[in-house]
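Structure, as structure tokens:
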Amino acid sequence: MIRKGPFQTGRRFRSPTEGESAPRASSTGDPKLLKWRVMLQHHELSAAVGAAIASAQEAGALPLFDIPNVLVERPRETTFGDYATAVALQLARPARMAPPAIAEIIAAHLRLPDYVGEVNVVKPGFINFRLAPEWVQTVPDYILDPAGDYGRVDLGLGPRKAQVECVSANPTGPITLGRTRGGVIGDTLHRVLEAAGYDVTLEYYYNDAGRQMTMLGESVKARYLQALGIPAELKEDHYQGDYITDLALELVDEHGDALVEMPIDTFAEFARGRISQQQKETLARIGIVFDVYFREQSLYETGALERTLEGLRENGYIYEQDGAQWFRTTEFGDDKDRVVVKADGEPTYRLPDIAYHWNKAQRGFDLVVDIFGPDHHATAPQVLMGVRALGYDSRFVHTLLHQIVNLVRGGQPVKMSTRRGLFVTLDELVDEVGADPIRYFMISRSANSPIDFDLDLAVEHSDKNPVYYIQNAHVRCAGIFRKWAEAGRAEDADADADLSLLVHEREQAFLRKALELGDVLEMIATTYEPHRLAFYAYDLAALFHQAYEECRVLHSDVPEPLRLARLRFYRAAKAAFARVLDLMGMSAPDIM
RNA sequence: GCCCCCGUAGCUCAAUAGGACAGAGCGUCGGCCUUCUAAGCCGAAUGUUGCAGGUUCGAGCCCUGCCGGGGGCGCCA
């Protein structure tokens, strides 16, 4: 697919110094800003390279072959430029030519957008693009654009509905660290997908039916009776935690012994309500607020469960054996078939899980991301088998599996145990380290890697702690504006600053990185890898601190026009960090 | 026994559909606050990407087989 971009006439091999200074783009309606909004630069470059290949073929400079999708990416080394493509290497075989020669031919036929300052063909056959410095200077206006388009990307998919399901803990106890990781991954994804134009529903599936609820009710009732001095037994599979006793004592306080004859359900319902409320409040402490709490119980009440079983049966995937109903998962490559209704008539967890995903399919989501911990690695595929057995293409569901979280203190692993005094719940972790380190460290690793959560590092206030390192960038910007105001200078003095004065290498490096946010968001929205945001934020902060070191604003030596340009620069930097931190669900403090 | 994840610098981890010399942080060593901003900056050292084959112009990434670590394999969720 070749998209037509708003290309200007080709400026091939233009050197950075050769170009006239770029016109300022400060109003919202400016076509330059519009270009930012319309598509990411690498897509335009990709289209341009594709077009160059086609025109080289037309001119007979290249033989005829099918033009592949041209991948234009950010090279690892910034010395190679801002964008690069290896198509010439790919084309060596179909073109039966040496990659460098192909690259030269492509470069000669390129008609490039005006923001490209330089094109180089190098060694094995790479084509490197460098953004024009004059254009990079206008990035502050993009970041500060009142339309708020910085940190948004258009994936070109049109209106899309997405759902992110995460946490989904049973309402039988406090939120654990494993669930927290899933929650932070999910909420970050939720924020990024919204930035990428999705209408996103953040959803929590709520196991409030079946045996777990019975166990919960029995546990609370036993503690309740015990609190009244009535002998009661707590069985091994009952919930043992102190929070159960606390709930029981609450009932004693409120009702005395009036509930002794009440059924288990009464206790279960009370505990479920309380615990789920606590879970909700705890998650809100780290900025996770769900749009929908989907109750498993509702699948029973609406008859969805029966319809699911019937649907599977009608499609020939259900049979009876030993009194139980089996789902032929082997039809989809499973090792063995799985029970969906037990011999006692109770469904296993699989049936409601499948019913729930059928529900998701029927709600018309274009994309569903299910986030599961390591304990669900085996069962996730079975749910998708269910969706397929019900006649849906299950590819709209992406299951994202993550590894565990370990706590480390003093360089030693903290033994995970439910015993008192050890940090195992999210609430306790928030109490100890605060919300921001939790948000950051939970996405600081790829989901496939286990996390060692270092409790000492999380609260350390130094450049060793990435959380403070990143937030300090925002703090430093805020400090500049605070001093600016204290000096009695006008708040908007930099509104018409001459951005062409932003020629310092470190200013340019920061702005180039800031521009990359769109690429990062696109990547996350298509690969579902939010850890990239944590790495990006750190890299951006590093470039910021480097610029901050050398590019002073309030210093008496700084000429006034440069001072104003830099003020604009730091205003943009502040906005950029505010945006990135917000995408990560973290606060952007003005002072430490 | 089967399935999933991992194995990359002393440690913890990155590496964007297979692409450039494998990069960061921590730690180590050495510099920078009488001049505005040190919760910061600058510099140095560090690799047989677990092992052995294979595919490819090109492999940390894909395939096969081993070795090692973690997790999961219920008519529990």
Side-chain angles (χ1 to χ4, degrees), chain A residues 42 69 71 73-77 79-80 84-87 89-90 92-93 98-99 122-126 128 168-170 172 207 209-212 215 237 296 321-326 334-336 338-350 352-353 373-381 401-404 406 408 411 444-452 454 457 460-469 471-473 475-477 479-480 483 519-520 522-524 526-527 529 531-532 534-535 538-539 541-542 544-558 592:
Chain A
H42 73 263
N69 286 331
L71 183 65
E73 55 192 355
R74 293 263 181 179
R76 294 180 198 173
E77 287 288 326
T79 54
F80 294 135
T85 180
V87 263
L89 286 85
Q90 268 179 269
R93 190 161 32 177
V122 290
K123 283 186 286 184
F126 286 94
N128 295 336
S168 297
N170 294 340
T172 55
N207 266 276
R211 187 165 171 278
Q212 310 246 7
M215 289 297 119
D237 47 0
E296 179 186 4
Q321 185 181 308
D322 305 328
Q325 306 289 317
W326 294 71
D334 205 356
D335 300 352
K336 54 180 180 182
R338 309 286 172 170
V339 170
V340 286
V341 180
K342 297 184 275 183
D344 65 5
E346 288 295 311
T348 67
Y349 63 92
R350 280 184 203 96
D353 279 359
D375 49 337
H376 284 69
H377 283 200
T379 63
L401 307 175
H402 66 80
Q403 299 293 320
I404 59 172
N406 301 303
V408 174
S444 67
R445 299 277 180 268
S446 147
N448 287 334
S449 289
I451 287 177
D452 289 328
D454 188 328
L457 180 62
E460 186 170 321
H461 289 205
S462 78
D463 56 342
K464 288 177 193 168
N465 183 349
V467 175
Y468 286 90
Y469 186 75
Q471 288 180 323
N472 191 36
V475 168
R476 284 181 147 180
C477 293
I480 289 171
K483 293 207 168 180
D519 294 348
V520 173
E522 179 192 44
M523 183 70 71
I524 296 170
T526 51
T527 63
E529 294 176 335
H531 72 277
R532 294 174 185 281
F535 281 87
Y538 188 89
D539 292 343
F544 171 84
H545 288 305
Q546 287 167 20
Y548 185 79
E549 195 73 19
E550 291 195 14
C551 303
R552 310 209 160 191
V553 185
L554 308 176
H555 197 288
S556 56
D557 290 351
V558 180
M592 278 299 185

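In what follows, every chain begins at residue 1, and chains take the letters A, B, ... in the order their sequences are listed. FYI, side chains are in, hydrogens and waters are out, and symmetry mates aren't considered; it's all heavy atoms of this structure.
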*In whole angstrom, give me the gap between the C1' atoms of B:C57 and B:G10.*
37 Å
_Just the rounded figure in Å: distance from P of B:A39 to CG of A:L457._
16 Å
*asked:* In whole Å, I'd like the distance from the NE2 atom of A:H402 to the P atom of B:G72.
replied: 14 Å
_Closest-nucleotide ordering on RNA chain B, the 5'-leading residue of A:L71 and A:P374_ = A:L71
For nucleotides 75-77 of chain B, which of its nitrogen or oxygen atoms have a protein nitrogen or oxygen under 3.5 Å away, and what is each distance?
residue: B:C75; atom: O2; partner: A:A343; partner atom: N; Å: 3.1
residue: B:C75; atom: N4; partner: A:D322; partner atom: O; Å: 3.4
residue: B:C76; atom: OP2; partner: A:K342; partner atom: NZ; Å: 2.6
residue: B:A77; atom: OP2; partner: A:Y349; partner atom: N; Å: 2.8
residue: B:A77; atom: O4'; partner: A:Q212; partner atom: NE2; Å: 2.8
residue: B:A77; atom: O3'; partner: A:N207; partner atom: OD1; Å: 2.3
residue: B:A77; atom: O2'; partner: A:N170; partner atom: OD1; Å: 3.4
residue: B:A77; atom: O2'; partner: A:N170; partner atom: ND2; Å: 3.3
residue: B:A77; atom: N6; partner: A:Y349; partner atom: OH; Å: 3.0

*Using the test side-chain hydrogen bond (donor to acceptor under 3.5 Å, both in side chains), find all partners of A:E296 that sit at least two apart in sequence or belong to another chain.*
none
*asked:* Need one value for A:P466: base, sugar-phosphate or nothing, where a base atom within 4.0 Å counts as base even if backbone is also close, heavy atoms only.
replied: nothing
*What integer distance in Å separates A:E73:CD from B:G23:P?*
15 Å
_Taking ring-ring contact (aromatic ring centres under 6.0 Å, His included) as the definition, give me every residue that meets it alongside A:H42, ordered by chain and number, with sequence neighbours left out._
none
*asked:* Categorize A:T527 for me: base, sugar-phosphate, or nothing, with a 4.0 angstrom heavy-atom threshold over every strand shown.
replied: nothing
*asked:* For B:A39, give the paired nucleotide (Watson-Crick: N1-N3 plus N6-O4 or O6-N4; G-U: N1-O2 and O6-N3; both under 3.5 Å), or none.
replied: none
*Sequence-distant partners of A:N465, side-chain hydrogen bond (donor to acceptor under 3.5 Å, both in side chains), two or more places apart*: none
*asked:* Run the ring-ring contact (aromatic ring centres under 6.0 Å, His included) test against A:H377 and tell me which residues pass, sequence neighbours left out.
replied: none
_Classify A:E77 by what it touches in the nucleic acid, base, sugar-phosphate, or nothing, heavy-atom distance under 4.0 Å._
sugar-phosphate
*Is there a donor and acceptor pair, one atom on the side chain of A:S444 and one on the base of B:C13, closer than 3.5 Å?*
no
*How does each nucleotide of nucleotides 58-63 of chain B score, in 5' to 3' order, for protein heavy atoms under 4.0 Å: base (B), sugar-phosphate only (S), or none (-)?*
--B---
_Rounding to an integer number of angstrom, what distance separates B:U35 and B:A24 when you compare their C1' atoms?_
33 Å
*What residues, two or more places apart in sequence or in another chain, satisfy ring-ring contact (aromatic ring centres under 6.0 Å, His included) together with A:H555?*
none
_Under 3.5 Å for both donor-acceptor distances, Watson-Crick or wobble: does B:U28 have a partner, and if so which one?_
B:A44
Please list, pair by pair, any protein nitrogen or oxygen found under 3.5 Å from a nitrogen or oxygen in nucleotides 41-46 of chain B.
residue: B:C41; atom: OP1; partner: A:Y469; partner atom: OH; Å: 2.5
residue: B:C41; atom: O4'; partner: A:E549; partner atom: OE1; Å: 3.3
residue: B:C42; atom: OP1; partner: A:Q546; partner atom: NE2; Å: 3.4

_Regarding A:V520, tell me which of base, sugar-phosphate or nothing describes its non-hydrogen contacts under 4.0 Å with the strands shown._
nothing
With the criterion being N/O to N/O and under 3.5 Å, what pairs connect the protein with nucleotides 2-12 of chain B, and how long is each?
residue: B:C5; atom: O2'; partner: A:Q403; partner atom: NE2; Å: 3.4
residue: B:C5; atom: O2'; partner: A:N448; partner atom: O; Å: 2.7
residue: B:C6; atom: OP1; partner: A:N448; partner atom: ND2; Å: 3.4
residue: B:U12; atom: O2'; partner: A:R445; partner atom: NH2; Å: 2.8

*Between A:Q90 (CD) and B:A20 (P), how many Å, whole number?*
14 Å
*Considering every strand shown, what is the Watson-Crick or G-U wobble mate of B:C66 when both distances are under 3.5 Å?*
B:G50
*B:U8 pairs with, by Watson-Crick or G-U criteria that keep both distances under 3.5 Å*: none
*Sequence neighbours left out, what passes side-chain hydrogen bond (donor to acceptor under 3.5 Å, both in side chains) with A:S446? Give chain and number order.*
none
_By the rule that syn is within 90° of 0, classify the base conformation of B:C42 as syn or anti._
anti
*Can you tell me, in whole Å, how much space there is between the P of B:A15 and that of B:C5?*
15 Å
*For A:D237, check side-chain hydrogen bond (donor to acceptor under 3.5 Å, both in side chains) against everything at least two apart and list the hits.*
A:R211
Can I get a per-line list of side-chain donor-acceptor pairs under 3.5 Å for residues 546-553 of chain A, giving both atom names and the distance, sequence neighbours left out?
residue: A:E550; atom: OE1; partner: A:H504; partner atom: NE2; Å: 3.3
residue: A:E550; atom: OE2; partner: A:R506; partner atom: NH1; Å: 3.1
residue: A:E550; atom: OE2; partner: A:R506; partner atom: NH2; Å: 3.4

_5′-ward residue of the pair A:R74/A:I404 relative to RNA chain B_ = A:R74
*Does B:G58 have a Watson-Crick or wobble partner in any strand here, with both distances under 3.5 angstrom, and which is it?*
none
*Looking at CG of A:N472 and SG of A:C477, how far apart are the two atoms once the value is rounded to the nearest 0.5 Å?*
9.5 Å
_For B:A20, the Watson-Crick or wobble counterpart (both distances under 3.5 Å)_ = none
*Can you tell me the pairing partner of B:G1 across any strand shown, Watson-Crick or G-U wobble, with both distances under 3.5 angstrom?*
B:C73
*Which part of the nucleic acid does A:H531 contact within heavy-atom distance under 4.0 Å: base, sugar-phosphate only, or nothing?*
sugar-phosphate
*Using a heavy-atom cut-off of under 4.0 Å over every strand shown, decide if A:F535 touches base, sugar-phosphate, or nothing.*
sugar-phosphate
